[in-house]
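Just follow the structure's listing: the first ligand is 1, and inside any ligand the first atom is 1.
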Amino acid sequence: MGDNDKKGLLIVFEGTDGTGKSTQLQLLYNILHDKGYPVIATREPTDGKYGRKIRELYINRKNYSHEEELELFLADRREHVDKLLNPALKRGEIILCDRYFLSTAAYQGAIGFDPETILSRNSFAPDPDLALLFQTPVNVGITRIISDRGDTLNDFEQNESLEKVAEIFSGIDRPYIKTIDATGSIESVHQAVMGHIATLFANSSFLPLN
Ligand code: TYD
């Protein structure tokens, strides 16, 4: 699908675990929905067949080779793009997606793949119109996962590998990436998100946010 057929907007939420991106996605979704924009929320890994397989991998990543791991994320994304993302963009919807191919570049990059090679293996997937990259020191994210969420760390959330993931995220240079300092309060981070959304809408066919 060329850019010319595309009427919707693809907004992705990226960052290491515990940066609060899912909370921010939900807040933005509620606002856009209440204002009557045609918005949908989705996530990767998806709840489809590959996504479910990926969730098994969270528990014991060692059962899969690195190439198998990467291929599962790519297969999940291919299905997501074909079944949901491209059709929704064609219908002119605004998609909020929790994680997308920058996560593959960063997380599977952290296990040894070249991040740019990963990005080129994602060329089937439409580029986002905006990628919000939520950044906190890795230990802040881990503390949020353990204490606030009352959760334990899965295989993707170990400290050393997350440092590497964060470093790769910061090193990716694409015009649609906007970094957000996510160490502050939910409200202050939300204001930063709204600033980027207002700019994006002002340059799109959607009604300006106010
Ligand atoms: P996460 O958004 O934390 O999902 P959940 O809320 O279901 O735990 O994503 C799960 C993990 O998957 C996260 O640690 C990052 C990892 N991941 C990859 O390694 N590669 C990818 O391409 C994607 C989309 C996610």
Would you call [X] and [Y] a salt bridge, using N to O less than 4.0 angstrom?
{"X": "Glu69", "Y": "Arg61", "answer": "yes"}
{"X": "Asp17", "Y": "Arg99", "answer": "yes"}
{"X": "Asp47", "Y": "Arg55", "answer": "yes"}

What are the atom names and distances for all N or O pairs under 3.5 Å between ligand 1 and the protein?
{"from": "ligand 1", "atom 1": "2 (O)", "to": "Arg99", "atom 2": "NE", "distance (Å)": "2.8"}
{"from": "ligand 1", "atom 1": "3 (O)", "to": "Asp17", "atom 2": "OD2", "distance (Å)": "3.4"}
{"from": "ligand 1", "atom 1": "9 (O)", "to": "Arg99", "atom 2": "NE", "distance (Å)": "3.3"}
{"from": "ligand 1", "atom 1": "14 (O)", "to": "Asp17", "atom 2": "OD1", "distance (Å)": "3.4"}
{"from": "ligand 1", "atom 1": "14 (O)", "to": "Asp17", "atom 2": "OD2", "distance (Å)": "2.9"}
{"from": "ligand 1", "atom 1": "19 (O)", "to": "Gln108", "atom 2": "OE1", "distance (Å)": "3.4"}
{"from": "ligand 1", "atom 1": "19 (O)", "to": "Gln108", "atom 2": "NE2", "distance (Å)": "3.0"}
{"from": "ligand 1", "atom 1": "20 (N)", "to": "Gln108", "atom 2": "OE1", "distance (Å)": "2.8"}
{"from": "ligand 1", "atom 1": "22 (O)", "to": "Arg77", "atom 2": "NH2", "distance (Å)": "3.4"}
{"from": "ligand 1", "atom 1": "22 (O)", "to": "Thr104", "atom 2": "N", "distance (Å)": "3.3"}
{"from": "ligand 1", "atom 1": "22 (O)", "to": "Thr104", "atom 2": "OG1", "distance (Å)": "2.6"}

Worksheet entry | Heavy-atom closest contact (Ala131 atom, Leu102 atom, distance) | CB-CD1, 3.8 Å
Discussion item. Taking ring-ring contact (aromatic ring centres under 6.0 Å, His included) as the cut-off, I'd like each qualifying pair that reaches into residues 18-41, sequence neighbours left out, listed once.
Written reply: Tyr29-His33, Tyr37-Phe201
Worksheet, complete the sentence: Rounded to the nearest 0.5 angstrom, the CG-CG distance for Leu28 and Leu96 is 5.0 Å
